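Scroll down for the structure; my scribbles are underneath it.
Bear in mind that the values here come from a model prediction, so they are computed numbers and not experimental data.
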Amino acid sequence: MQLRYAFRLDPGPGQRVALARAFGCARVVYNDAVAARERARREGAAFPSAGALSKMLITEAKQGPGRQWLSEVSAVILQQALREVERAYTNFFASLKGSRQGARVGAPRFRSKRDARQAIRFTANARWKITESGRLLLPKIGEVKVRWSRRLPSSVTVIRDAAGRFFASFVVETDLDADLARMPGADGLPSVGIDLGLTHFAVLSDGTKIDSPRFLRRAEKKLKKAQRELSRKQKGSKNREKARLKVARAHAQVADARREFHHQLSTRLIRESQAVAVEDLAVKALARTRLGKSVHDAGWAQFLAMLEYKAQRYARIFVKVGRFEPTSQVCSVCGVKDGPKPLHVRTWTCTHCGTVHDRDRNAAKNVKQAAGLAVTACRAQVRPGLVPAQREEAGSHGIHTGTRAAQRHSTR
């Protein structure tokens, strides 16, 4: 399995200038390649090949009067920019044909210097290396200080985020046997169903309730103040750029805290369970409702993605239950469907068997049963078969399907 790790960089003033120059040159080559392809499409001509683009946009451009500054950066990152264009068009055409798995992607767009995230890739051909002193040596940039936390890899991507922070991102091949050795065996561990929510971030089928940290809500006062200060600054001024960085850093702190919470909780659940079942929520549709800010604050999609890859990494079972399964309407004891309930109803009594249910715990139990993880006393599955996981946010792009998902959430 391949995993990506990002390590914080501490470039000096001169290195920051060199990195900004590298980001700009890579962006220019990328945009020139997109423009060349779009020009060929409008004229009905064949798309220029990667070799032709490399010769025209890099080799010949360096010798002309308008692009001589391309020589000031490593040629490898310019070649990687062309490969990113090729990959973007390949994914776009595959998406049009329906042969690409996952969400549909649009045609490549021009990149702006005002984009919050900038990235350049150095492959092994660039001869980057980690020095004996533990610094990252990048061509035409120099030795950059890195905050290491583990041993490393083969290629590096340098990233600058909206908060002005720099990161070195590495793809690392992990040893599955070593990963399994660090994690306790799954034999004897329970299976668990998870009901995600807003009041409680997660309620488990065993009754455990995990409070929602609400990182964004807790930081709103600080964010509002920073945003107000930004709105009062004159556009294009240095003070406005300082205020923008202050806002971006405040948002970055919220995002980092949320990511750390998701990592800790997902690792704990995978460590303590042999199988995990969750509901395949229409997150994009729910984010367009009046609860949108709280949905984004919870970060369900990121959490589920972590659960899925960690389950695969540590040989656990991960199952997604179809989003239209009536988990909040069915009694987990007798299986009778008792109908939809308003969101303010947190406990209810089954009209058939008289069992008093906690709404969220009952839903978590139903998620577990619908996934086929619940067993009877004779060790037989309560419901045979698994509900296949949805590969994309189906129904979240249209008006009617999105409204239906939002209405369903309000009655859960």
**Message:** Can you see whether Glu260 engages Gln264 through a side-chain donor-acceptor pair at a distance of less than 3.5 angstrom?
**Reply:** yes
**Message:** Going by the rule side chain to side chain donor-acceptor pair (under 3.5 Å), which residues pair with Asp10 if we only count those two or more places apart in sequence or in a different chain?
**Reply:** Arg147
**Prompt:** Would you say the side chain of Phe303 lies within less than 4.5 Å of the side chain of Phe261, judging by non-hydrogen atoms?
**Reply:** no
**Request:** Could you walk me through whether Ile120 and Val73 pass side-chain contact (heavy atoms from CB on, under 4.5 Å), step by step?
**Result:** CA-CA 11 Å; Ile120 49 176; Val73 302; over 6 Å; no
**Side-chain touch Leu269/Leu204, heavy atoms, less than 4.5 angstrom** = yes
**Asked** So how far is it from Ile159 CD1 to Arg121 CZ, rounded to the nearest 0.5 Å?
**Response** 8.5 Å
**Prompt:** When Leu291 is tested against each of Leu286, Leu198, Asp297 for side chain to side chain contact (heavy atoms under 4.5 Å, CB included), which residue passes?
**Reply:** Leu198
**Prompt:** Of all heavy-atom pairs between Ala168 and Val156, which one has the smallest distance, and what is that distance?
**Reply:** CB-CG2, 3.9 Å
**Request:** Determine whether Leu138 and Lys129 make a side-chain contact, defined as any pair of heavy atoms from C-beta on separated by less than 4.5 Å.
**Result:** no
**Interatomic distance, Lys97 atom NZ to Phe92 atom CZ [nearest 0.5 angstrom]** = 11.5 Å
**Message:** If you count heavy atoms of other groups shown closer than 6.0 angstrom to NZ of Lys145, is the number above 12?
**Reply:** no
**Request:** For the pair Lys368 (side chain) and Ser191 (backbone), establish whether a donor and an acceptor sit closer than 3.5 Å, ignoring hydrogens and angles.
**Result:** yes
**Prompt:** Using 30° and 60° as the class limits, which term best fits the ring planes of Phe166 and Phe23: parallel, tilted or perpendicular?
**Reply:** parallel
**Complete:** Sorted by chain and residue number, the side chain to side chain donor-acceptor pair (under 3.5 Å) partners of Thr131 (sequence neighbours excluded) come out as Ser133
**Asked** With no hydrogens and no angle check, do the side chains of Gln79 and Ser54 hold a donor and an acceptor under 3.5 Å apart?
**Response** yes
**Request:** State whether the side chain of Gln15 and the backbone N or O of Gly12 hold a donor-acceptor pair below 3.5 Å, judged by distance alone.
**Result:** yes
**Item:** Short side-chain to backbone donor-acceptor contact, Gln302 and His262, under 3.5 Å
**Value:** no
**Request:** Working to the nearest 0.5 Å, report the span between OH of Tyr30 and CZ of Phe110.
**Result:** 9.5 Å
**Prompt:** So do the side chains of Asn362 and Asp358 get within less than 4.5 Å of each other, counting heavy atoms only?
**Reply:** no
**Request:** Show the numbers, then the answer: is there a side-chain contact (heavy atoms from CB on, under 4.5 Å) between Val203 and Thr208?
**Result:** CA-CA 6 Å; Val203 177; Thr208 302; over 6 Å; no
**Item:** Atom pair CG/NZ of Leu223 and Lys225 - distance to nearest 0.5 Å
**Value:** 12.5 Å
**Message:** So does Ala364 get a backbone contact from the side chain of Asp195, meaning a donor-acceptor N/O pair under 3.5 Å?
**Reply:** no
**Asked** Can you name the closest pair of heavy atoms from Ala298 and Arg258 and give their distance?
**Response** O-CD, 4.2 Å
**Request:** Could you tell me whether Glu279 and Lys320 make a salt bridge, using a distance below 4.0 angstrom between a side-chain N and a carboxylate O?
**Result:** no
**Message:** Quick test of your reading of the model: are Asp161 and Arg117 salt-bridged, counting only N-O distances below 4.0 Å?
**Reply:** no
**Request:** May I ask you to establish whether Arg160 and Phe167 are in a cation-pi arrangement, using a distance under 6.0 Å from NZ or CZ to the six-membered ring centre and at most 45° from the ring axis?
**Result:** no
**Prompt:** Would Asp256 and Arg165 satisfy salt bridge (Lys or Arg N to Asp or Glu O under 4.0 Å), going step by step from the backbone distance to the final call?
**Reply:** CA-CA 13 Å; Asp256 290 346; Arg165 302 178 301 179; 2.8 Å; yes
**Request:** Heavy atoms only: give me the nearest Leu245-Ala162 pair and the separation to one decimal.
**Result:** CD2-O, 3.8 Å
**Message:** Test side-chain contact (heavy atoms from CB on, under 4.5 Å) on Leu70 and Ile58; report intermediate values, then the result.
**Reply:** CA-CA 8 Å; Leu70 290 177; Ile58 299 179; 5.7 Å; no
**Prompt:** Can you list the residues that meet the side chain to side chain donor-acceptor pair (under 3.5 Å) rule with Arg67, with sequence neighbours excluded?
**Reply:** Asp32
**Asked** Hey, does Val321 have a side-chain heavy atom less than 4.5 Å from the side chain of Val278?
**Response** no
**Request:** Search all heavy atoms of Ser74 against all heavy atoms of Phe122 and return the closest pair with its distance.
**Result:** CB-CE2, 4.2 Å
**Item:** Spacing of Leu189 atom CG and Arg271 atom CZ [to the nearest 0.5 Å]
**Value:** 10.5 Å
**Side-chain donor/acceptor of Trp128 to backbone N/O of Asn125, under 3.5 Å** = no
**Message:** I need the minimum non-hydrogen distance between Leu82 and Leu53, along with the two atoms involved.
**Reply:** CD1-C, 4.1 Å
**Request:** Among Thr90, Asn91, Val85, find the one that has a side chain to side chain contact (heavy atoms under 4.5 Å, CB included) with Arg87.
**Result:** Asn91
**Prompt:** side chain to side chain donor-acceptor pair (under 3.5 Å): which pairs involve residues 135-144, sequence neighbours left out?
**Reply:** none
**Prompt:** Between the side chains of Arg100 and Ser95, is a donor N or O closer than 3.5 angstrom to an acceptor N or O?
**Reply:** no
**Request:** Please name the residue in the list Lys341, Arg346, Lys209 that meets the salt bridge (charged side-chain N to carboxylate O under 4.0 Å, His left out) test with Asp360.
**Result:** Arg346
**Asked** Going through the checks in order, is the side-chain contact (heavy atoms from CB on, under 4.5 Å) test met by Val333 and Lys365?
**Response** CA-CA 9 Å; Val333 176; Lys365 289 182 178 179; 5.9 Å; no
**Message:** Using a strict threshold of under 4.0 Å (side-chain N to carboxylate O), is an ion pair present between Glu241 and Lys235?
**Reply:** no
**Lys310: partners by side chain to side chain donor-acceptor pair (under 3.5 Å), with sequence neighbours left out** = His263, Ser266, Thr267
**Prompt:** Do the side chain of Ser205 and the main chain of Gly193 share a donor and acceptor less than 3.5 angstrom apart?
**Reply:** yes
**Item:** Spacing of CD1 belonging to Ile270 relative to OH belonging to Tyr314, to within rounding of 0.5 Å
**Value:** 9.5 Å
**Request:** Please tell me if the side chains of His357 and Arg361 come closer than 4.5 Å, counting only heavy atoms from C-beta onward.
**Result:** no
**Asked** Got Glu72 and Cys25 here, is their nearest side-chain heavy-atom distance under 4.5 Å?
**Response** no
**Item:** pair Pro11-Leu19: side-chain heavy atoms closer than 4.5 Å
**Value:** yes
**Message:** Looking at Arg111, is its backbone amide N or carbonyl O close enough to the side chain of Asn31 to form a donor-acceptor pair, meaning the two atoms are under 3.5 Å apart?
**Reply:** yes
**Prompt:** Any idea which heavy atoms bring Leu230 and Arg244 closest together, and the distance?
**Reply:** CD1-N, 3.6 Å
Please set out all donor-acceptor pairs under 3.5 angstrom arising from side-chain atoms of residues 210-219, sequence neighbours excluded.
unit_1, atom_1, unit_2, atom_2, d
Arg217, NH2, Ser294, OG, 3.0
Arg218, NH1, Pro213, O, 3.0

**Message:** Can a donor-acceptor pair be found, under 3.5 Å and without considering hydrogens, that links the side chain of Ser237 to the backbone of Gln234?
**Reply:** yes
**Message:** Under a 3.5 Å cutoff, is there a donor and acceptor pairing between the side chains of Lys113 and Gln118?
**Reply:** no
